[in-house]
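Worksheet: one structure, shown below.
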Amino acid sequence: MSLDYTDTDPADYPEDWPYWIRDENGNRVRASAGDSDFLIDFTHPVVQDILVQKAVAVAKCGLYDGIYLGGWQEGSSIPDNNGVYYRSVEAEWSARISIVRRIREVVGDDFLIIVKTNQRPAPLSAPYVNGMFMEAILDEQDTGYTHAGLREIESTLLWSEQNFREPQINALEGRGISLEPPDSSRNQQTMRVITTLSLTHSDGYVCYDIGVRGIIHEHAYEVWPGHEREHIDGKSHLHNHQHYWYPFWDAPLGRPVGKKAQLYHDSQGHGVEGLFMREFTKGWAVYNRSGKEQKIRLPEQASGAASGIIGVNHTLSDLDGEIYLK
């Protein structure tokens, strides 16, 4: 269950509640443009008491295995929609650690706590948290991932696999190219990159978002199936976190056998920088950000889930990934 700790519905508390965040005119501050929720001061001890009580209620109700806490940052502050900072960086990260530590103390070890860290590690929270949700933002003006950007994603994902408490739930979300259909060649390739990055670097989960946050489209164009559109102030907005099921994900790969983040080794036994391969019970996942097309020789004949090519020798483009089934 998602537990909102930075903002809440205006009906949850009276208008004169002292823990709303207010602007210089004394008005409550909306969580974001067009949002009906308002910011609350989660750094205040009274608000933290309430948040802990809510987590306890979730744990006791018997309907959920845990909670999800969004906007989780350590060592940085998140501005409101107008770029205004209402609290110090130190006050925010200190409050977050206090909240998650107190929640863990009262809910016990079997309750799951997931935080949205995006592409940053969360070392101060790690003793209390089971995993993270990472929105991997596109690097090049919402058109793709760079080699450097992918290395950062790999690093944070590996850190999460090594540091969060068991049982772990680390989830990677790739960002799609929203101005193209979800099954365009570029979207399918980017989806394969994110999927095979996850498969080779974690035992976690992956999804691919074909929406985009915060973009207001002044001119109308076709909305691909799965998008929702609303009109505010005469402008067309696309909702974020729309998803499409790719046949690539139907590949019966089985369970992981090989270690995480292992380089593919060529015929001379040398590891190829930026080319990763991991064995599963029913095949292999291969992820290529080496900077060039790569020739791959598998231990036995296998079929490419995306390419459909059957054989021992395969070719994989740069910034692409493939699942090979035995």
Side-chain angles (χ1 to χ4, degrees), residues 1-33 35-118 120-135 160 163-166 168-169:
M1 180 179 181
S2 179
L3 181 63
D4 295 329
Y5 72 97
T6 60
D7 55 80
T8 193
D9 190 286
D12 287 350
Y13 305 102
E15 198 283 334
D16 61 353
W17 191 53
Y19 308 112
W20 296 112
I21 293 292
R22 298 182 183 272
D23 61 21
E24 62 275 11
N25 299 317
N27 298 316
R28 292 178 294 179
V29 178
R30 293 191 182 277
S32 60
D35 199 329
S36 61
D37 291 354
F38 290 100
L39 295 176
I40 60 176
D41 185 6
F42 67 90
T43 67
H44 197 283
V46 171
V47 177
Q48 292 183 34
D49 289 343
I50 294 172
L51 292 168
V52 172
Q53 291 167 12
K54 286 185 176 181
V56 171
V58 174
K60 288 184 176 180
C61 78
L63 297 176
Y64 303 96
D65 294 319
I67 56 173
Y68 164 82
L69 300 168
W72 201 260
Q73 305 287 339
E74 292 183 6
S76 64
S77 185
I78 303 174
D80 84 320
N81 191 65
N82 297 314
V84 178
Y85 294 87
Y86 291 96
R87 298 161 294 241
S88 71
V89 172
E90 293 77 10
E92 284 205 351
W93 68 254
S94 177
R96 289 189 178 95
I97 305 310
S98 172
I99 291 167
V100 74
R101 175 184 54 79
R102 292 181 58 194
I103 290 174
R104 176 57 71 192
E105 287 174 353
V106 295
V107 299
D109 293 335
D110 294 333
F111 193 70
L112 302 174
I113 303 176
I114 312 300
V115 295
K116 178 187 168 187
T117 65
N118 286 350
R120 298 180 178 138
L124 299 176
S125 309
Y128 318 110
V129 169
N130 296 96
M132 61 84 191
F133 175 60
M134 184 198 305
E135 287 183 348
S160 301
N163 289 278
F164 285 130
R165 61 189 290 144
E166 297 288 344
Q168 285 185 0
I169 301 179

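We number each residue from 1, following the sequence as shown.
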Minimum heavy-atom separation for [X] and [Y], please, with both atom names.
X    : Y    : value
I99  : Q48  : CG1-CG, 3.7 Å
V58  : G66  : CG1-O, 4.2 Å
T43  : A95  : CA-CB, 3.7 Å
V29  : D23  : CG2-N, 3.6 Å
A55  : F111 : O-CZ, 4.2 Å
M132 : T117 : CB-OG1, 3.6 Å

Please round to the nearest 0.5 Å and tell me the distance separating atom [atom1] of [X] and atom [atom2] of [Y].
X    : Y    : atom1 : atom2 : value
N163 : S125 : CG    : OG    : 11.5 Å
L51  : R102 : CG    : CZ    : 9.0 Å
T8   : W20  : OG1   : CH2   : 5.5 Å
S98  : L124 : OG    : CG    : 12.5 Å

Side chain to side chain, [X] and [Y], heavy atoms closer than 4.5 Å:
X   : Y   : value
I67 : S2  : no
L63 : M1  : no
N27 : F38 : no
V47 : Y13 : no

Q: Report the C-alpha distance between W17 and I40 in whole Å, list the side-chain angles of each, state the deciding distance to 0.1 Å, and finish with yes or no for side chain to side chain contact (heavy atoms under 4.5 Å, CB included).
A: CA-CA 10 Å; W17 191 53; I40 60 176; 3.7 Å; yes

Q. Considering the options E166, Q168, R104, which one meets the side chain to side chain donor-acceptor pair (under 3.5 Å) requirement together with N130?
A.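 With N130 as partner, side chain to side chain donor-acceptor pair (under 3.5 Å) holds for just one option, R104.
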
Q: Go through the steps for R22 and D41 under the test side chain to side chain contact (heavy atoms under 4.5 Å, CB included), then give the verdict.
A: CA-CA 9 Å; R22 298 182 183 272; D41 185 6; over 6 Å; no

Q | K54: which of L3, D4, I103 passes side-chain contact (heavy atoms from CB on, under 4.5 Å) | A |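 Of all the options given, the one that passes is L3.
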
Q. Are V52 and E105 close enough, and set up right, to give a side chain to side chain contact (heavy atoms under 4.5 Å, CB included), and what steps lead you there?
A. CA-CA 10 Å; V52 172; E105 287 174 353; over 6 Å; no

(Q) What I want to find out is whether R30 reaches D7 closely enough, with some N-O distance under 4.0 Å, to be called a salt bridge. (A)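 No.
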
Q. Hey, are E74 and R120 close enough for a salt bridge, meaning a charged N less than 4.0 Å from a carboxylate O?
A.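 Salt bridge between E74 and R120, a charged N being under 4.0 Å from a carboxylate O: no.
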
**Q.** Over 12 foreign heavy atoms within 6.0 Å of CG, D65
**A.** no

**Q.** CG/D9: more than 12 non-hydrogen atoms of other groups inside 6.0 Å
**A.** yes

Q: Check the pair K116 / E135 against side chain to side chain contact (heavy atoms under 4.5 Å, CB included), numbers first and verdict last.
A: CA-CA 8 Å; K116 178 187 168 187; E135 287 183 348; 3.4 Å; yes

**Q.** Member of F133, Y128, Y5 meeting the ring-ring contact (aromatic ring centres under 6.0 Å, His included) criterion with W72
**A.**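 It is Y5; the other options fail the test.
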
